[in-house]
Chemist: 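Sharing a structure with you now.
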2 protein chains.
Amino acid sequence: MTAKQFASVWTREPRQGKAQGLTRDQIVRAAIEILDAEGLAALSMRKLGARLGAGATSLYWHVANKDELLELVYDEVWGEMSVPDPDSAGWRDTGWAFAHGMRKVILRHPWLAGLLGKLPAIGPNALRAAELLRKGLHQAGFRGLEEDYAGAAITAFVFGSVIPEVVWTSAAAEKNYDTASMREAVKTAAADYPDLIARAEEYAAHEPAAVREMNFAFGLACVLDGLERRLVT
Amino acid sequence: MTAKQFASVWTREPRQGKAQGLTRDQIVRAAIEILDAEGLAALSMRKLGARLGAGATSLYWHVANKDELLELVYDEVWGEMSVPDPDSAGWRDTGWAFAHGMRKVILRHPWLAGLLGKLPAIGPNALRAAELLRKGLHQAGFRGLEEDYAGAAITAFVFGSVIPEVVWTSAAAEKNYDTASMREAVKTAAADYPDLIARAEEYAAHEPAAVREMNFAFGLACVLDGLERRLVT
DNA sequence: ACCTGAACACCGTTCAAGT
DNA sequence: ACCTGAACACCGTTCAAGT
């Protein structure tokens, strides 16, 4: 048994206006750092607490539970999205910029893909973005339910596009597979479908980032074309 | 201490040709039952083992780990998808049927949404469906990378559409919130955006299943229109 | 070949207690 | 008001041992 160190108000550091306590903001930022560095599965309350030099259970003063923390984190990153100004451009440019802005955020934080199907997004940043999209589509001429449908079509396309973009790389990162062996695995899995393999090989022959960007642009243009047509009619 | 029951080869049931052992198929089916009934978070190896009258660790003979089990489960449900025959209909009908088939599977197994961003889909059922979509788009006239882009656009739209459809109801189910209080929460969260609230209220005024179906049909028609246009040009 | 149980190294969360 | 540590009820997974 070692003796306890002497401690009293006089030996202890002053409180200094609560500058050293935990903040919800601080917690959220630290969580994002862990998520960016190690992925969704690696975030635990204990690890997060340790990173902040606090006990895991201290977090529960600032945050009701882990799911609520994830909601905060989820909305925080939507704040990074650069939203276009619907007043300064045509609706089509707005839609285009909106979709690319969303995509960029998810590519920067791939763990978002694992949260999309888990949490509803009703935080302030998500709502701000939703309102901007709505406004752009309203100015374009959509009214009533079609205003919703049009917005849903754009965001649906973005979510659905980015998920497969991200799921491979983040699965590979979490279990650290090498990409060559993964490609090989797909090839043997698809042995019955030579045409599918041929397609995968042509796809893989291109620079990944570039071909994905084109893939995204192609689909987005389809969606926007469809919206435009519905507007004219 | 209670005495052990007498047991020997003679009192024990015969082996009967290994009819009573666990099967991979059996395990996968039981897992789906749990998932359908209680959702993704409720599935544990221990619970699954118990349901099958076995120890949790027995499962590891048939399955490498939980993630692999989820991959099996994931692919298994894609087997339920009714895939259209691209030879018997125009490509647009095929695309339409394909998208609706996918959507139906996810709506029947909402926990799929939580897996989309987590697991790549390269099981046999997923590949069979992918090949069919590819074939339909090839017959339509898409070639090269555009064949991929077109397929990706359709599946992206379906995934992205169904996620928000499902995430609310499954979040509500897991924590059993009542829908009225959730709607109220959204309303107060969006207090700064009256137009957004107005839209949400008109949306909520309709029969949910019907308005979602229309939402889906609207966006899908946009995507297909866009594809058609790219085909003609 | 297939299954078991004990054990390990984790989880999220509660709560009485401290300052 | 904020933080701590011990404790509870779970996890997924490994592995020696059984049949």
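Lettering of chains follows the sequences in order, A, B, ..., and the numbering in each one begins at 1. For clarity, every value in this text was computed on a predicted model and none was experimentally measured.
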Chemist: Are B:R134 and A:D195 close enough for a salt bridge, meaning some N to O gap below 4.0 Å?
Modeler: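 Between A:D195 and B:R134 there is a salt bridge, with a charged N closer than 4.0 Å to a carboxylate O.
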
Chemist: Any side-chain heavy atom of B:D75 within less than 4.5 Å of one from B:P124?
Modeler: yes

Chemist: Could you tell me whether B:T57 contacts a base, only the sugar-phosphate backbone, or nothing, with contacts defined as non-hydrogen atoms closer than 4.0 Å?
Modeler: base

Chemist: Report yes if at least one side-chain N or O of A:H62 is closer than 4.0 Å to OP1 or OP2 of D:dA1; otherwise report no.
Modeler: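 For D:dA1, OP1/OP2 do not have a side-chain N/O of A:H62 under 4.0 Å.
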
Chemist: May I ask you to say whether B:R128 pairs ionically with B:E131, meaning some side-chain N is under 4.0 Å from a carboxylate O?
Modeler: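 Between B:E131 and B:R128 there is no salt bridge, as every charged N stays at least 4.0 Å from the carboxylate O atoms.
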
Chemist: Between atom CG in B:L43 and atom P in D:dG12, what is the gap in whole Å?
Modeler: 7 Å

Chemist: Without decimals, in angstroms, what is the distance between B:E68 CD and D:dG12 C1'?
Modeler: 14 Å

Chemist: Quick one: B:K66 NZ to D:dT13 C1', roughly how many Å, whole number?
Modeler: 12 Å

Chemist: Students often get this wrong, so: under 4.0 angstrom with heavy atoms, is B:L48 touching a base, only sugar-phosphate, or nothing?
Modeler: nothing

Chemist: In terms of relative ring orientation, are B:W78 and B:F159 parallel, tilted or perpendicular, with 30° and 60° separating the classes?
Modeler: tilted

Chemist: Compute both the distance and the angle, then confirm whether B:R103 meets the cation-pi test with B:F216: under 6.0 Å from the six-membered ring centre, within 45 degrees of the axis.
Modeler: yes

Chemist: Between P on D:dC11 and CD1 on B:I34, what's the gap in Å once rounded to a whole number?
Modeler: 11 Å

Chemist: Starting from C1' on C:dC15, measure out to OH on A:Y60 and report it in whole angstrom.
Modeler: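 After rounding, the gap between these two atoms is 13 Å.
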
Chemist: Both A:A56 and B:A64 contact DNA chain D. Which one's nearest nucleotide lies toward the 5' end?
Modeler: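 On the 5' side of the pair lies A:A56.
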
Chemist: Of the options D:dC11, C:dC3, D:dT4, whose atoms approach the side-chain atoms of B:R46 most closely?
Modeler: D:dC11

Chemist: Within the 4.0 Å heavy-atom criterion, would you say A:L69 contacts the bases, only the backbone, or no part of the nucleic acid?
Modeler: nothing

Chemist: Any base atoms under 4.0 Å from A:A54, or only sugar-phosphate, or nothing? Heavy atoms, all strands.
Modeler: sugar-phosphate

Chemist: Take atom CG of A:L59 and atom P of C:dG12, then tell me their distance rounded to the nearest Å.
Modeler: 10 Å

Chemist: Could you tell me whether B:E76 and B:R29 make a salt bridge, using a distance below 4.0 angstrom between a side-chain N and a carboxylate O?
Modeler: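 Salt bridge absent between B:E76 and B:R29.
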
Chemist: For side-chain contact (heavy atoms from CB on, under 4.5 Å), just list the numbers for A:L59 and A:L52, CA-CA rounded to whole Å, side-chain angles, deciding distance to a tenth of an Å, and then say yes or no.
Modeler: CA-CA 10 Å; A:L59 304 172; A:L52 292 162; 4.1 Å; yes

Chemist: So what does the secondary structure string of DNA chain C come out as, 5' to 3', with Watson-Crick or wobble pairs under 3.5 angstrom, [ ] for crossing and | for pairs with another strand?
Modeler: ||.|||||...|||||.||

Chemist: Rounded to whole angstroms, how far apart are CG on A:D67 and P on C:dC11?
Modeler: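 Taking atom P of C:dC11 as the reference, CG of A:D67 is at 16 Å.
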
Chemist: Write down the distance between CE (A:M45) and P (D:dC3), rounded to a whole number of angstrom.
Modeler: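 Answer to the nearest Å: 13 Å.
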
Chemist: As a test of reading the structure: which of D:dA1, C:dC11, C:dA7 is closest to the side chain of A:W61, going by heavy atoms?
Modeler: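 Of D:dA1, C:dC11, C:dA7, D:dA1 is nearest to the side chain of A:W61.
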
